[in-house]
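Note: hydrogens, waters and symmetry copies are ignored here, and every other heavy atom, side chains too, is used. We're numbering straight along the sequence, starting at 1.
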Amino acid sequence: MSDLSAHALTPSWNLSNRAKQITSSAIRDLLKITERPEIISFAGGLPSPTTFPVEAIRAAAVRALADDAQALQYAPTEGYAPLREWIAARHSSNGRRIDPQDVLITTGSQQALDLLGKTLIDPGSKVLVETPTYLGALQSFSMFEPVYGSLACDADGVLPDALDAAAIKGTRLLYLQPNFQNPTGRSMPADRRRALAALADRLPFPIVEDDPYHDLYFDGAEQPTLLSMAPERVVYCGSFSKIFAPGLRVGYVIAPRSLSAKLAQAKQASDLHTPNLNQRIIHEAALDGLFDRHLPAVRAFYAGQRDAMLAALSRDMPEGVTWNQPAGGMFVWLALPAHIDTRALLADAIEENVAFVPGEPFFANDVQRNFMRLSYATVTPARIDEGVGRLAALIRRRIGSGSRAA
């Protein structure tokens, strides 16, 4: 074999500096393990297939294809115009109208984060995030080599006072999840939202409001969006994945015209457009009123899942372990005694056929290793009981205390 042939079998091409920065998602790697049927997985933030309206989606697909071959054609980068109009109308409130031209349909809301990184972040730019924050956003933004500023938070989210002159200087964007945040499950109260919206007018950068769990509230009423309070200063990312069907990969971003046009140009270079048929299926479902009929049942399902997990945690977890009481969404966030590293604990948990996500990758700076995220979305109540019991036994052995019930 010639030297040239041997080299072809073992390529050692040079990667770009950007490619060298790419890391795999801790959750995506973990999902490969949790596909094993014996594993009780609290790891993935996947919606439950129980909530997918399969027959309604099938009917919507038939309608989308019935009279219009355009559903199978290329489409405008900005998205299917009737769907953009429906989204704009749904987000118009308080006498403030969202223009459909400011709506860009994306291939899931994760693509919206990628497009925002491309259009707003240069190497060395500052990006402000919550403590902790969504690791998918960190993974996406990190491609563009920012410097992260981690803002002080409490149980209600970002503290407005944390946005002082030092934090603001050189910042390109502030990334927030106000509703049932991933990973903590916390939700920002209305007065905190109003305070941030008032600050937005004075910030020389946009607030990115990532809101995939907006409609998954169980307790209380729907909260107003930051977008509704400061539409010229907020970039809003929405998704149909958590409330309808993640496999369709349809999300959207609402941004002021000067930015939305640039986002569309960036998307054009990435994938031309989000699949046309999928957009039309979503629109057919919207026209049929499916979302308004479907969401109450989805909320009730996840509320029952949350209640099962909270009950199991209260019964089994030892003293020294605390957790939140989420009012919606898919996650419970646990704090363990400071000496426990949940990455090491995960290895033991996998041996016991139970999985969770360690808290470490959710911190942009000042990593804290004694947290874990549990998702109650896809596990039956009986398996929740069993899995929490196994985790509690592992934790109890590490801290040597009795259970709360005892």
Side-chain angles (χ1 to χ4, degrees), residues 26-27 30 41-48 51 109 129-138 150-159 175-190 192-193 196 209-223 225-226 237-239 241-243 246 295 298-314 316-317 321-336 342 355-364 368 370-379 381 384 387-388 391-392:
I27 295 176
L30 191 53
S41 177
F42 303 130
L46 284 65
S48 172
T51 67
S109 61
V129 296
E130 299 172 89
T131 305
T133 190
Y134 171 49
L135 69 83
L138 294 177
S150 297
L151 296 177
C153 297
D154 62 12
D156 292 332
V158 164
L159 295 166
Y175 173 78
L176 301 176
Q177 278 192 350
N179 286 308
F180 320 119
Q181 191 228 27
N182 181 357
T184 65
R186 66 191 175 206
S187 193
M188 193 178 291
R192 182 74 58 90
R193 294 169 194 250
L196 284 172
E209 181 179 16
D210 190 10
D211 204 15
Y213 307 101
H214 178 89
D215 291 300
L216 296 184
Y217 54 89
F218 317 146
D219 306 328
E222 178 181 10
Q223 288 277 21
T225 62
L226 295 172
C237 301
S239 175
S241 292
K242 301 300 188 292
I243 61 172
L295 279 170
V298 175
R299 293 186 192 112
F301 173 82
Y302 287 125
Q305 296 288 106
R306 176 210 51 187
D307 292 346
M309 178 159 281
L310 292 180
L313 291 170
S314 294
D316 292 334
M317 280 294 164
V321 180
T322 60
W323 54 90
N324 63 322
Q325 306 278 325
M330 296 181 174
F331 307 108
V332 178
W333 183 243
L334 275 70
L336 278 60
T342 56
F356 61 88
V357 180
E360 179 180 336
F362 296 98
F363 291 90
Q368 299 179 50
N370 61 312
F371 290 89
M372 65 167 63
R373 192 196 76 178
L374 303 182
S375 172
Y376 45 77
T378 60
V379 186
I384 287 174
V388 168
L391 279 179

Subject >> Heavy-atom side-chain contact between D316 and L391 under 4.5 Å >> reply: no

**OP:** Under the side-chain contact (heavy atoms from CB on, under 4.5 Å) rule, collect the residues that match up with A152, sequence neighbours excluded.
**Re:** L159, A162

**OP:** Please answer whether the main-chain N or O of V129 pairs with a side-chain N or O of T133 as donor and acceptor at a distance below 3.5 Å.
**Re:** no

Subject >> Derivation of the salt bridge (charged side-chain N to carboxylate O under 4.0 Å, His left out) call for R192 and D154 >> reply: CA-CA 11 Å; R192 182 74 58 90; D154 62 12; 3.0 Å; yes

**OP:** Look up atom OG1 in T322 and atom CE in M317, then write down how far apart they are to the nearest 0.5 Å.
**Re:** 11.0 Å

Original post:
Quick one: does L374's side chain get under 4.5 Å of M372's, heavy atoms only?
Top reply: yes

**OP:** Classify the side-chain pair D210/Y134 by whether it contains a donor and acceptor separated by less than 3.5 Å.
**Re:** no

**OP:** Go through the structure and list residues passing ring-ring contact (aromatic ring centres under 6.0 Å, His included) with Y302, not counting sequence neighbours.
**Re:** none

Original post:
Any side-chain heavy-atom pair from N179 and L216 closer than 4.5 angstrom?
Top reply: no

**OP:** Any chance you could lay out the side chain to side chain contact (heavy atoms under 4.5 Å, CB included) test for D307 and F218, step after step, and finish with the verdict?
**Re:** CA-CA 10 Å; D307 292 346; F218 317 146; over 6 Å; no

Original post:
Between the main-chain N or O of S48 and the side-chain N or O of T51, is there a donor-acceptor pair closer than 3.5 Å?
Top reply: yes

Subject >> Evaluation steps, side chain to side chain contact (heavy atoms under 4.5 Å, CB included), between R306 and D219 >> reply: CA-CA 11 Å; R306 176 210 51 187; D219 306 328; 2.6 Å; yes

**OP:** Would you give the length of the straight line joining atom OG of S187 to atom CD of Q177, rounded to the nearest 0.5 angstrom?
**Re:** 10.5 Å

**OP:** Please identify each residue that fulfils salt bridge (charged side-chain N to carboxylate O under 4.0 Å, His left out) with R299, with sequence neighbours left out.
**Re:** none

Subject >> All side-chain contact (heavy atoms from CB on, under 4.5 Å) counterparts of A190, not counting sequence neighbours >> reply: R194, Q223

Subject >> D156 and R186, any side-chain heavy atoms less than 4.5 Å apart >> reply: no

Original post:
With distance as the sole test, does E130 use its side chain to make a donor-acceptor pair with the main-chain N or O of L176 at under 3.5 Å?
Top reply: no

Original post:
What are the two closest non-hydrogen atoms of P361 and L135, and how far apart are they?
Top reply: O-CB, 3.6 Å

Original post:
Would you say the side-chain atoms of R373 pair up with the backbone N or O of P358, donor to acceptor, closer than 3.5 Å?
Top reply: no

Subject >> F362/F371 aromatic ring centres below 6.0 Å >> reply: no

**OP:** Flag the pair Q325 / L310 as yes when at least one side-chain heavy-atom distance between them is below 4.5 Å, and no otherwise.
**Re:** yes

**OP:** Might you point out which heavy atoms bring P326 and V332 nearest each other, and give the distance in Å?
**Re:** CG-CG2, 4.0 Å

Original post:
Does the side chain of P47 reach to within under 4.5 Å of the side chain of M330, using non-hydrogen atoms?
Top reply: yes

Original post:
What closest approach, in Å, do Y376 and F331 show between heavy atoms, and which atom pair accounts for it?
Top reply: CE2-N, 3.6 Å

Original post:
Among all residues two or more places apart in sequence or in another chain, which pass the side-chain contact (heavy atoms from CB on, under 4.5 Å) test with A308?
Top reply: P381, I384

Original post:
Side chain of Q181, backbone of P132: donor and acceptor closer than 3.5 Å?
Top reply: yes

Original post:
Any donor-acceptor pair under 3.5 Å linking the side chain of T184 with the backbone of W333?
Top reply: no

**OP:** Would you check if the side chain of Q368 reaches a backbone N or O of G359 as a donor-acceptor pair within less than 3.5 Å?
**Re:** no

Subject >> Any residue meeting salt bridge (charged side-chain N to carboxylate O under 4.0 Å, His left out) with E209, in chain and number order, not counting sequence neighbours >> reply: none

Subject >> Where H214 and F180 come nearest, the two heavy atoms and their spacing >> reply: O-CE1, 4.2 Å

Subject >> Exam field: side chain T131 to backbone L151, donor-acceptor pair closer than 3.5 Å >> reply: yes

Subject >> Whether D215 side chain and I243 backbone form a donor-acceptor pair below 3.5 Å >> reply: no

**OP:** Could you go through the salt bridge (charged side-chain N to carboxylate O under 4.0 Å, His left out) check for K242 and D211 one step at a time?
**Re:** CA-CA 10 Å; K242 301 300 188 292; D211 204 15; over 6 Å; no

Original post:
Below 4.5 Å, heavy atoms only, C-beta onward: do T378 and F42 meet side chain to side chain?
Top reply: no

Original post:
When rounded to the nearest 0.5 angstrom, what is the spacing between OH in Y213 and OG in S241?
Top reply: 9.5 Å

Subject >> P178 side chain reached by L226 side chain, heavy atoms, under 4.5 Å >> reply: yes

